[in-house]
**Student:** 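Below are the structure tokens for one structure; questions will follow.
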Amino acid sequence: VAADQTTPERVNTGVVESDDKPILGGSVAYALAGESNGWNPLTNQWGPPGWMVARTIFDQLASFDEESNVHPFFATKFEHNEDFTVWTVHVRTGVKFSNGKPANAEAIAKEQRLLATSPVVGGSYALVKRTGAGVPMIDAVGEDKVVYTMTQTYTTFPSLLAAQVGTVADPDWVASN
């Protein structure tokens, strides 16, 4: 798309705007290029059309901007040690899932450990270190930090959290579906 086609004047060509008061009700119909086989980030595969829908249901820990730079989204900050083998993801506080459970670091770490075992997205966690029992080293620290320990340097780790594995969902719901 040429730059001149993205100006507000060009994008809104043909759009009818109104100052009328909105009326409740009605419907919106739209089409996607493909279907997803469900909305559980642990067990379902989301192609690009599925992402459009998933992002209306879930927050992600990170997101890409218009220049493809990764930024915190549900997360508030990313920190790493000197050799990029330990990442600390700071998350929002005071947030609840739609079922009323807290969407805190403990819930996010639990969900992330589940996702690391997924046959669908688990391979994305190949660089996350595991305990002797095979448990991914993804730990909650307080209410607002999730710490990931890697097996080696992982400089681009936050970009992973802008993908399906960065979905923020109640871990009990994820495990039960």
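In what follows, every heavy atom counts, from backbone to side chain, and hydrogens, waters and symmetry copies are set aside. Computed from a prediction, not measured in an experiment: that's the story for all the values here.
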**Student:** Quick one: side chain to side chain donor-acceptor pair (under 3.5 Å) partners of Y125, sequence neighbours excluded?
**Tutor:**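 Q112.
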**Student:** Can you list, by chain and residue number, the hydrophobic cluster partners of V86 when the side-chain cut-off is 4.5 Å?
**Tutor:** V141, V147
**Student:** Atom OG1 in T167, atom CG in L115: separation rounded to 0.5 Å?
**Tutor:**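 The distance works out to 7.5 Å.
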**Student:** Closer than 4.0 angstrom, basic N to acidic O: yes or no for D144 and R92?
**Tutor:**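 Looking at R92 together with D144, the answer is no, because their closest N to O distance does not fall below 4.0 Å.
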**Student:** Would you call R113-E111 a salt bridge at under 4.0 Å N-O?
**Tutor:** no
**Student:** Using a strict threshold of under 4.0 Å (side-chain N to carboxylate O), is an ion pair present between D139 and K145?
**Tutor:** no
**Student:** Determine, using ring centers only, whether F84 and F157 are less than 6.0 Å apart.
**Tutor:** no
**Student:** In the hydrophobic clustering that connects Ile, Leu, Val, Met, Phe, Trp and Tyr at side-chain heavy-atom distances below 4.5 Å, which members other than V135 occupy its cluster, ordered by chain and number?
**Tutor:**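 For V135, no cluster forms, as it stays isolated from other hydrophobic side chains.
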**Student:** To the nearest 0.5 Å, what is the distance between CD (E82) and OG1 (T153)?
**Tutor:** 10.5 Å
**Student:** When rounded to the nearest 0.5 angstrom, what distance separates CG in N104 from NZ in K110?
**Tutor:** 11.0 Å
**Student:** Hey, is the main chain of T88 close enough, under 3.5 Å, to the side chain of E79 for a donor-acceptor pair?
**Tutor:**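 The answer is no, because no donor-acceptor pair under 3.5 Å joins these two groups.
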**Student:** Would a distance-only check, ignoring hydrogens and angles, find a side-chain to backbone donor-acceptor pair under 3.5 Å from N177 to N40?
**Tutor:** no
